[in-house]
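Everything on this sheet refers to the single structure shown next.
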Amino acid sequence: MEAPDEATRSRRWTHAAGPRYWWHRLPGMDFVPPVYSDLTEAEWKIVRAWYEETDRSGVIGECAVPLVSLLHGLVMGNRIARIVQLGTCAGYSSLLLGFMLRRMNAPNGLFTLDLDPELCALTRRWLERAGLTNFVTVAEGNSLDPNSLAAAQAHFRGEPEMILLDSSHEYGATVRELDLWYPALQMGGLLLLHDVSRFAEEFDVTAQGGVRRAFDEWREKNPQAEAICLNGESRTMDLPRPPYKDACGLGIIYKAEVQVPE
Ligand SMILES: C[S@@+](CC[C@H](N)C(=O)[O-])C[C@H]1O[C@@H](n2cnc3c(N)ncnc32)[C@H](O)[C@@H]1O
């Protein structure tokens, strides 16, 4: 007899083929992480159906369990309720963040941007199916465009508390995103950059050094900001993995208050 879906959930992927299931295949990951176990049965059914559809269509580009788990802790542990995401893709992180915001009763808490109209439409369709349209707004636009920033600011009528940068992975574009979006972040806010590792440099189609080079240069120029790079030296998806398991790495910038000497 098959175990109830509630217990099985993401454990069905422990032996799943396909690059997107890499986390589930790692040794010892035969358990349901809180980002999934925390969902209601109806929410989990949406996630499962979303995976089935995107497996069929091949629209795959989402972050994985390590990053979304970190977001889960940050967002739900602190009721972070003004979040910008640059790069929506097919809606994975939008759905999961939407479930968190609904749990916290934090409407309009995520403003997620993508320049691809079809991906925006796809994500909106899944958010509607999940009943999350009061919590997540999908905006079509370019993250390099100051009008996109203005739209996010108008949406929140204030400053974002957290910005998740997961868009083109190009060096030049990431420099411009950091220069445009960091100043708009609330003091004490967080800017997270996915794909900051050596491994992820190859995602830069311009071959200019990707998010990693942009992040390194930005840190040099902005010593007042506190920043760390998780798993930044990772060069392959091979085992063994460091404690932070995502080979793509994560940059975290904390907009610390500047201490003015007396
Ligand atoms: C890696 S995917 C985002 C995945 C998403 N954060 C998730 O985990 O579900 C990157 C997305 O960024 C979008 N993108 C790339 N350059 C962009 C830009 N300049 N402005 C807005 N979106 C962009 C792409 O269309 C793509 O859908």
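Only heavy atoms go into these numbers, but all of them, side chains included; no hydrogens, no water, no symmetry mates. Keep in mind that this is a model prediction, so the values were computed, not measured.
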Would you say the side chain of [Y] lies within less than 4.5 Å of the side chain of [X], judging by non-hydrogen atoms?
{"X": "M100", "Y": "I83", "answer": "no"}
{"X": "D38", "Y": "M76", "answer": "yes"}
{"X": "S168", "Y": "F203", "answer": "no"}

Next on the checklist: Taking side-chain hydrogen bond (donor to acceptor under 3.5 Å, both in side chains) as the cut-off, I'd like each qualifying pair that reaches into residues 246-256, sequence neighbours left out, listed once.
Outcome noted: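 The answer is H194-D246.
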Checklist entry - Do V84 and L190 share a hydrophobic cluster (ILVMFWY, side-chain heavy atoms under 4.5 Å, transitive)? => result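 In one cluster with V84: L190, no.
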Next on the checklist: Under 4.5 Å between side-chain heavy atoms, counting indirect links through other Ile/Leu/Val/Met/Phe/Trp/Tyr residues: same cluster for L149 and F156 or not?
Outcome noted: yes
Checklist entry - Are D204 and H169 linked by a side-chain donor-acceptor pair shorter than 3.5 Å? => result no
Next on the checklist: Could you check whether R20 and T54, counting side-chain N and O atoms only, form a donor-acceptor pair closer than 3.5 Å?
Outcome noted: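 Result is yes, a qualifying pair exists.
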Checklist entry - Would you say R213 has more than 12 foreign heavy atoms packed within less than 6.0 Å of its CZ? => result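 Atom CZ in R213 is crowded, with more than 12 foreign heavy atoms closer than 6.0 Å.
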Checklist entry - Could you walk me through whether T133 and E128 pass the side-chain hydrogen bond (donor to acceptor under 3.5 Å, both in side chains) check? => result CA-CA 6 Å; T133 51; E128 275 162 26; over 6 Å; no
Checklist entry - How about Y51 and Y21: are their ring centroids closer than 6.0 Å? => result yes
Next on the checklist: Tell me if the aromatic rings of F111 and W181 count as close, with their centers under 6.0 Å from one another.
Outcome noted: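 Centroid distance F111-W181: not below 6.0 Å, so no.
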Are the side chain of [X] and the backbone of [Y] linked by a donor-acceptor contact shorter than 3.5 Å?
{"X": "R102", "Y": "F135", "value": "no"}
{"X": "D114", "Y": "D116", "value": "yes"}
{"X": "S197", "Y": "A200", "value": "yes"}
{"X": "T14", "Y": "R25", "value": "no"}
{"X": "R198", "Y": "G232", "value": "no"}
{"X": "T88", "Y": "G91", "value": "no"}

Item to check | Electrostatic pair E217:K221 at N-O distance under 4.0 angstrom | outcome: no
Next on the checklist: Between R9 and E41, does any NZ, NE, NH1 or NH2 come within less than 4.0 Å of an OD or OE carboxylate oxygen?
Outcome noted: yes
Next on the checklist: Under the criterion side-chain hydrogen bond (donor to acceptor under 3.5 Å, both in side chains), I'd like the reasoning laid out for E62 against S93: C-alpha separation, chi angles, the key distance, then a yes or no.
Outcome noted: CA-CA 7 Å; E62 70 277 2; S93 50; over 6 Å; no
Item to check | Evaluation steps, salt bridge (charged side-chain N to carboxylate O under 4.0 Å, His left out), between R176 and E170 | outcome: CA-CA 10 Å; R176 289 172 61 193; E170 293 170 15; over 6 Å; no
